[in-house]
There are 2 protein chains.
Amino acid sequence: MARVIAERSDVVPQLAEVFRAYGFEGASLARITAGTGLGKGSIYHFFPGGKDEMADAVLEHIGLWFREHVFVPLREDPVAAAGIGAMFDAVARYFLSGRKVCLVGVFALGGERDRFAARVGRYFQDWIAALAQALERGGRDGATALALAEDAVGAIQGALVLARAADNTDVFMRTLERWRGRLA
Amino acid sequence: MARVIAERSDVVPQLAEVFRAYGFEGASLARITAGTGLGKGSIYHFFPGGKDEMADAVLEHIGLWFREHVFVPLREDPVAAAGIGAMFDAVARYFLSGRKVCLVGVFALGGERDRFAARVGRYFQDWIAALAQALERGGRDGATALALAEDAVGAIQGALVLARAADNTDVFMRTLERWRGRLA
DNA sequence: GTCTATAAAGCGATAGAC
DNA sequence: GTCTATCGCTTTATAGAC
């Protein structure tokens, strides 16, 4: 009988979806084995530290994705406005236009914050800093750039809350387009 | 030995703090009895429907508070700008300047959304509608008023996420003041 | 690397005495 | 209205065969 041998890196995105769907406390081993298709034995082979290590790996994976697709373009695109445009495109794509929720935001609001404080804090801090730097390169003064960056990143998180509350992604896309305009 | 007899209405705010601190799944009966100082027997006497009924009572309690202190001033203050100012004051007070998280937002992002969809959806819908109406009374056209209301309510939710992620309430108060200015 | 079996603890909820 | 004792189930995590 043929069988597929998994790697740790294959499991992380699947774990991310389980944590996103149920939260940290709600992501039971039963749901994790269902979502990954692996038995407990395999899961604990990859993550001997249990759920904490799984969630940590997921947060690291998300951090890397944002670094590559959002923070780096913001910091390094020679045309600052193009980097900002890339950010909005990447965000719309990543959150599936508002259907998918931000796991870092979920962890920030929940009791998991303290446990994962370092990664959660750094994610937003890096995002705001990268956007502020791009806005400054685009010609704004430092204080305005920082305020706008804080507002835009917060607005994206807030729009995800509203979209999920209303079960309607339109509010997320409308918010994204309004902020695209404000930052242009 | 003297002992205090509790009423259902005394317990609801304490339950709110437990749900806020641990989320719905994380709010175990053990934490609930610790947070309320009541045994399981008393808790189930007040809420025979268990945790679902407790959370529902908490959401209703929050809804009533916002209706009284936020939505009504927005809709009925003869000076629209004064109603909007009252909203920002009430919000800063309610969320303890960003130290306290929005339970409705937590439920919206988590797996609890579907279970409490009606209350969660209505909370934000009513808030946005009341603010948009006040902005329109203040002289904005309908489309602008709605867009601004959506942005402001989303910004408040997003700022709570950022404040808790950074463990720093300043970002919440800064956001509130910027939006107070934008809506003035 | 994968699985099943199992342990020990915690879970939500109920029953019944007071 | 409050409590303790208890039920049955699920939880995380481990052990050990393959």
Side-chain angles (χ1 to χ4, degrees), chain A residues 1-59 61 103 106-107 110-116, chain B residues 1-59 61 103 106-107 110-116:
Chain A
M1 173 191 164
R3 76 171 169 175
V4 179
I5 305 291
E7 286 184 42
R8 200 184 124 115
S9 59
D10 299 329
V11 182
V12 173
Q14 297 177 302
L15 284 174
E17 289 316 304
V18 178
F19 282 120
R20 225 185 288 276
Y22 302 105
F24 182 78
E25 305 255 15
S28 65
L29 264 310
R31 282 167 172 162
I32 286 170
T33 56
T36 59
L38 259 47
K40 294 186 203 188
S42 301
I43 293 287
Y44 273 88
H45 173 73
F46 289 131
F47 306 95
K51 278 175 69 177
D52 275 52
E53 193 177 340
M54 298 179 215
D56 204 59
V58 167
L59 288 177
H61 184 253
L103 186 62
V106 174
F107 277 22
E112 305 82 20
R113 199 220 80 101
D114 296 350
R115 218 187 302 217
F116 304 105
Chain B
M1 173 188 164
R3 74 171 172 176
V4 181
I5 305 291
E7 289 185 40
R8 197 184 126 117
S9 58
D10 299 328
V11 183
V12 174
Q14 298 178 302
L15 285 174
E17 289 315 304
V18 178
F19 282 121
R20 224 186 288 277
Y22 302 105
F24 182 78
E25 306 253 15
S28 65
L29 264 310
R31 282 167 172 163
I32 287 170
T33 56
T36 58
L38 261 48
K40 293 187 203 190
S42 302
I43 293 287
Y44 273 88
H45 173 72
F46 290 130
F47 307 95
K51 280 176 68 177
D52 275 52
E53 192 176 341
M54 298 179 214
D56 205 59
V58 167
L59 288 177
H61 184 253
L103 187 61
V106 174
F107 277 23
E112 305 82 22
R113 200 219 79 101
D114 295 351
R115 219 189 300 216
F116 304 106

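Side chains included, hydrogens not; waters and symmetry mates left out as well; all remaining heavy atoms used. Each chain gets a letter, A, B and so on, in the order the sequences are listed, and its residues count up from 1.
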Review point. Rounding to a whole Å, what distance do you find between B/Met54:CE and C/dC11:P?
Key: 13 Å
Review point. Heavy atoms, side chains only, cut-off 4.5 Å: are B/Val106 and B/Tyr22 in contact?
Key: no
Practice item. Would you please test B/Ile32 and B/Lys51 for side chain to side chain contact (heavy atoms under 4.5 Å, CB included) and show each step? Key: CA-CA 10 Å; B/Ile32 287 170; B/Lys51 280 176 68 177; 4.3 Å; yes
**Study point:** pair B/Phe46-B/Asp10: side-chain heavy atoms closer than 4.5 Å
**Key:** no
**Study point:** side chain to side chain donor-acceptor pair (under 3.5 Å) partners for A/Arg115, two or more places apart
**Key:** A/Asp52
Practice item. Would you kindly give the CD-to-P distance between B/Glu53 and C/dA13, to the nearest whole Å? Key: 11 Å
Check your understanding: Taking CD1 from B/Ile32 and P from C/dC11, how many angstroms apart are they, rounded to a whole number?
Key -> 10 Å
Check your understanding: Between C/dC18 atom C1' and B/Ile5 atom CD1, what is the distance in whole Å?
Key -> 12 Å
Check your understanding: Under 4.0 Å between a Lys/Arg side-chain N and an Asp/Glu carboxylate O for A/Glu53 and A/Arg8?
Key -> yes
Report, one pair per line, the protein and nucleotides 5-10 of chain D atoms (nitrogen or oxygen only) whose separation is under 3.5 Å.
none

**Study point:** B/Glu7 CD to D/dG1 P, straight-line distance once rounded to whole Å
**Key:** 8 Å
Point to revise | For A/Pro13 against A/His61, the heavy-atom pair lying closest together | key: CG-CE1, 4.1 Å
Review point. Once the angle between the rings of B/Phe24 and B/Phe19 is folded into 0 to 90°, is it parallel (under 30°), tilted (30 to 60°) or perpendicular (over 60°)?
Key: parallel
Review point. Quick one: B/Lys51 NZ to C/dT14 C1', roughly how many Å, whole number?
Key: 17 Å
Point to revise | Side-chain donor or acceptor of A/Arg31 paired with backbone N/O of A/Val18 under 3.5 Å | key: no
Check your understanding: Quick one, which residues of residues 41-49 of chain A touch DNA chain C with a heavy atom under 4.0 Å?
Key -> A/Gly41, A/Ser42, A/His45, A/Phe46
Check your understanding: CG of B/Asp52 versus C1' of C/dC11: gap in Å, rounded?
Key -> 15 Å
Revision key, fill the gap. B/Glu17 meets the salt bridge (Lys or Arg N to Asp or Glu O under 4.0 Å) criterion, sequence neighbours left out, with B/Arg20, B/Lys100
Exercise for review: Scan residues 13-27 of chain A against DNA chain C and write down, sorted by residue number, each residue with any heavy atom closer than 4.0 Å; if none is found, say none.
Suggested key: none
Review point. Given B/Met54 and B/Ile43, is the side chain to side chain contact (heavy atoms under 4.5 Å, CB included) satisfied, shown in steps?
Key: CA-CA 9 Å; B/Met54 298 179 214; B/Ile43 293 287; 3.2 Å; yes
Revision key, fill the gap. Contacts of A/Asp56 meeting salt bridge (Lys or Arg N to Asp or Glu O under 4.0 Å) (sequence neighbours excluded), chain-then-number -> A/Arg119
Exercise for review: Calculate the interatomic distance between B/Leu38 atom CG and D/dT2 atom P; express it in whole Å.
Suggested key: 5 Å
